[in-house]
Amino acid sequence: MSKQKISGSDALILSLLEEGVTTIFGYPGGQIIPVFDRLYDYKDRLHHILVRHEQGATHAAQGYARVSGKVGVALFTSGPAATNAITGLADAMMDSTPIVVITGQVPSSMLGTDAFQETDVMGITLPITKWAYQIRRPEEIAGAVARAFYIARTGRPGPVVLDLTKDAQVGLTEFAYKKCNYIRSYTPVPKIEESQIDKAAELINQAKKPLMLIGQGVVLGNAEKEAMAVAEKTGIPMAATLLGLSAIPSDYPLYKGMLGMHGNIGPNIKTNECDVLIAVGMRFDDRVTGDLNSYAKQAKIIHFDIDASEFNKNVKVDVTVLGDAKQSLTALLDKVNPNNHQAWIDSFTPCEQTELEKVIIPEIAPQSGLLKMGEVVRRVSEASGNKAILVTDVGQNQMFGARYFKFTQTRSIVTSGGLGTMGFGLPAAIGAKFAAPERTVCLFCGDGGLQMTIQELGTILETGVGVKIILLNNNYLGMVRQWQQLFFHQRYSETSMVNPDFVVLASAYGIKSRRVEKREELDAAIAEMLSDDAPFLLDVCVEEAGLVFPMVPAGGCVSDIMLNPSEKY
């Protein structure tokens with residue numbers, strides 16, 4: 001006796017439910033209407049968040065995935081809707097974020113005819129996704145969804161696109177769902193080679209000045225405890241990439257700060273002084289390495305990663321350990337010797353003292369003058385008990401956020417790393433809050449980035465999601481202005497901005513707001529913002545000419561560090 005048949009749209013929704021999906025970010029349209037029609041009957045099981053732009057849906061799905069550790073899901077129609085998602089897909093690919101984006105498509109009989117709102121979604125998205133597949137028959141849906149989620153979340157995570165033709169949505173099929181846990185020729189978790197662990201342990205045991213670099217792979221692999229266990233046993237100091245922040249608590253004794261262009265002095269300087277460099281779950285991005293010809297040339301380098309394509313791609317290394325970070329570090333822990341590198345750790349102190357005196361104190365505790373971005377970030381962090389989730393847009397707000405926000409638990413930063421997407425912050429913060437409604441979500445953004453996806457204030461209006469928006473408002477595209485000041489002879493071409501009244505704008509969207517212009521107003525305003533779980537926009541007027549330091553000039557040596565426009569370390 002044959003099973004009762006259901007529509008492809010029902011099959012899609014039931015497949016998502018089988019994968020444990022509870023929240024979808026989306027926007028309806030002509031070629032996906034059948035799915036949205038059936039979604040109407042699943043409102044009690046599947047929460048759909050109506051965004052205001054498809055790019056917002058993809059960024060919200062990213063924020064959801066980064067905080068929850070689950071796969072984020074976005075759903076919308078064909079043509080311009082699909083092309084609006086391209087930035088989010090590219091961002092997710094660069095930052096290894098697991099999302100599944102489902103796009104509607106014209107009926108399969110009309111493919112290639114330039115039908116209304118038809119685009120070649122496969123051709124466009126294949127270079128910026130982990131997998132993309134066009135579903136043309138309803139009986140393919142369950143298997144494609146199972147495969148999509150398996151690919152998105154396993155190994156090195158990433159974005160997947162399912163392009164669903166309209167006839168596949170309305171056609172009938174028998175439904176049986178089986179989760180995917182194997183794909184021929186796809187090995188998401190490679191078997192660890194014991195010999196490589198032995199080589200890594202030998203170098204670590206012989207090291208006099210080792211340094212461990214923590215990337216986002218530690219977070220994605222749930223290997224935070226294992227990384228700290230190795231560090232504690234061996235006495236190795238640790239530093240983090242931008243996306244690796246929050247994997248290690250900010251006050252952890254062996255943690256020495258952030259790497260990179262605007263990172264802390266100590267980790268950057270000591271990269272070029274250590275004798276063994278242990279990189280875990282990071283890709284040696286150019287913002288971390290600077291000039292490759294002068295990067296860690298004195299050190300033996302060990303690279304732990306789940307993606308073999310990252311080995312020797314940018315930095316030539318001595319030992320590669322291919323595998324899951326948690327498994328690899330667990331294996332390493334048994335083979336490294338207990339050690340203490342106190343003299344080496346103490347050598348970070350002069351760097352820290354110089355940075356504290358020359359950079360940090362002037363930024364977070366100025367004696368006079370206009371408000372500074374760093375002091376706003378630090379005060380918000382402290383007012384939240386250093387327990388909030390930090391979401392940033394891109395630019396100076398991002399770097400000040402990364403430098404001065406403090407972390408006490410993992411998965412507490414959501415930012416656009418590899419692609420550097422302005423406009424990422426607001427929708428990503430919405431996704432982050434839906435992923436962790438019990439946590440405070442603080443978005444730091446600039447006036448430029450906020451206006452790139454400002455329509456998502458409408459999503460906040462409709463849902464009431466309690467995002468705290470801290471606008472660091474300097475009436476400039478601040479990071480570009482900084483480069484113009486330092487490297488382009490102060491020729492400020494098209495970086496000043498004439499802005500709307502953001503407080504009035506927030507009011508129009510039903511969002512409580514407050515403008516702060518004076519330092520003595522700041523603490524009370526922050527307290528008001530954090531007093532409940534309602535959405536809030538805090539418009540903080542900061543100095544127009546603020547600069548984020550330290551700074552390693554682009555393409556420079558990581559130990560060639562600017563403390564201010566006229567002084568180097």
Side-chain angles (χ1 to χ4, degrees), residues 94 96 155-156 187 189-221 223 226-227 230-231 234 236-244 247 256 258-261 263 267-333 335-336 339 341 344 417-418 552 555-559:
M94 289 283 278
S96 304
R156 181 177 182 172
T187 307
V189 182
K191 184 179 179 181
I192 299 168
E193 291 186 26
E194 199 74 18
S195 62
Q196 296 304 100
I197 296 288
D198 291 337
K199 290 177 183 178
E202 183 179 1
L203 283 178
I204 292 170
N205 289 335
Q206 293 174 352
K208 303 299 181 185
K209 297 188 290 185
L211 178 61
M212 184 184 295
L213 311 183
I214 300 298
Q216 190 191 197
V218 171
V219 177
L220 297 174
E226 288 74 15
V230 170
T234 58
I236 297 178
M238 313 170 83
T241 66
L242 174 65
L243 295 184
K256 294 300 176 181
M258 184 175 72
L259 299 155
M261 178 176 282
N268 283 330
I269 290 284
K270 298 302 176 181
T271 294
N272 277 0
E273 293 181 11
C274 66
D275 59 359
V276 175
L277 194 66
I278 307 121
V280 188
M282 59 169 283
R283 58 188 180 86
F284 290 109
D285 173 74
D286 62 283
R287 284 297 191 263
V288 166
T289 66
D291 178 18
L292 290 171
N293 293 320
S294 61
Y295 181 78
K297 292 301 181 182
Q298 79 296 334
K300 296 289 186 181
I301 302 177
I302 306 166
H303 193 179
F304 289 79
D305 209 285
I306 201 166
D307 184 356
S309 71
E310 292 298 341
F311 293 147
N312 299 304
K313 185 177 80 175
N314 297 326
V315 174
K316 301 301 181 185
V317 305
D318 299 277
V319 177
T320 60
V321 181
L322 180 64
D324 172 78
K326 193 181 191 75
Q327 295 175 8
S328 298
L329 292 174
T330 298
L332 179 68
L333 184 62
K335 299 196 174 188
V336 291
N339 211 331
H341 295 287
W344 166 237
V552 177
C557 175
V558 291
S559 53

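One finds the CD1 atom of Ile197 at 11.5 Å from the NZ atom of Lys199 (value rounded to the nearest 0.5 Å). The structure places CG of Leu277 at 6.0 Å from OG1 of Thr271, a figure rounded to the nearest 0.5 Å. Taking CG from Leu259 and CE from Met238, the interatomic distance works out to 11.5 Å, rounded to the nearest 0.5 Å. Here the straight-line distance linking atom CE of Met94 with atom CG of Leu243 works out to 10.0 Å at 0.5 Å rounding. Going from atom CD1 of Ile269 over to atom SG of Cys274 covers 12.0 Å, rounded to the nearest 0.5 Å.
Taking 4.5 Å as the limit, some side-chain heavy atom of Leu220 sits within range of a side-chain heavy atom of Ser96. Within the 4.5 Å cutoff, the side chain of Ile302 has heavy atoms near those of the Val276 side chain. When side chains are defined from C-beta on, Lys270 counts as touching Trp344, because their heavy atoms get closer than 4.5 Å. Within the 4.5 Å cutoff, the side chain of Arg283 has no heavy atoms near those of the Gln216 side chain. Side-chain contact between Ile214 and Thr241: absent, with no pair of heavy atoms (C-beta onward) separated by less than 4.5 Å. Ile204 is listed as a side-chain neighbour of Ile278, based on a closest heavy-atom distance under 4.5 Å. Proximity of Asn272 to Cys557: side-chain heavy atoms (C-beta onward) are separated by under 4.5 Å at one or more points.
Listed by first and then second residue, the salt bridge (charged side-chain N to carboxylate O under 4.0 Å, His left out) pairs that reach into residues 201-217 come to none, sequence neighbours excluded. Residue pairs satisfying the side chain to side chain donor-acceptor pair (under 3.5 Å) criterion with at least one member in residues 296-307, sequence neighbours excluded, are listed as follows: Arg156-Asp307, Asp307-Ser309.
The shortest heavy-atom contact between Ala247 and Val218 is CB-CG1, 4.4 Å. Scanning all heavy atoms of the two residues, the minimum distance from Pro267 to Lys256 falls at CG-O, 3.3 Å. Smallest separation of non-hydrogen atoms from Val552 and Gly260: CG2-O, 4.2 Å. When every heavy atom of Val288 is checked against every heavy atom of Val558, the shortest pair comes out as O-CG1, 3.3 Å. The heavy-atom pair separating Asp275 from Pro210 by the smallest distance is OD1-N, 3.5 Å.
Between the side chain of Asp198 and the backbone N or O of Glu193, no donor-acceptor pair lies under 3.5 Å.
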Pairs of donor and acceptor atoms involving the side chains of residues 318-333, under 3.5 Å and at least two apart or interchain, shall be tabulated with distances.
residue, atom, partner, partner atom, Å
Asp318, OD2, Ile301, N, 2.8
Asp324, OD2, Lys326, N, 3.1
Asp324, OD2, Gln327, N, 2.9
Lys326, NZ, Asn222, O, 2.9
Lys326, NZ, Glu226, OE1, 3.4
Lys326, NZ, Glu226, OE2, 3.0
Ser328, OG, Asp324, O, 2.9
Thr330, OG1, Lys326, O, 2.7

request  = Evaluate the criterion side-chain contact (heavy atoms from CB on, under 4.5 Å) for residue pair Val315 and Thr289; output intermediate values, then yes/no.
outcome  = CA-CA 9 Å; Val315 174; Thr289 66; 4.1 Å; yes
request  = Applying side-chain contact (heavy atoms from CB on, under 4.5 Å), run through Asp286 and Tyr295 and close with a yes or a no.
outcome  = CA-CA 10 Å; Asp286 62 283; Tyr295 181 78; over 6 Å; no
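Salt bridge status for Arg287 with Asp285: absent, with no side-chain N to carboxylate O gap under 4.0 Å.
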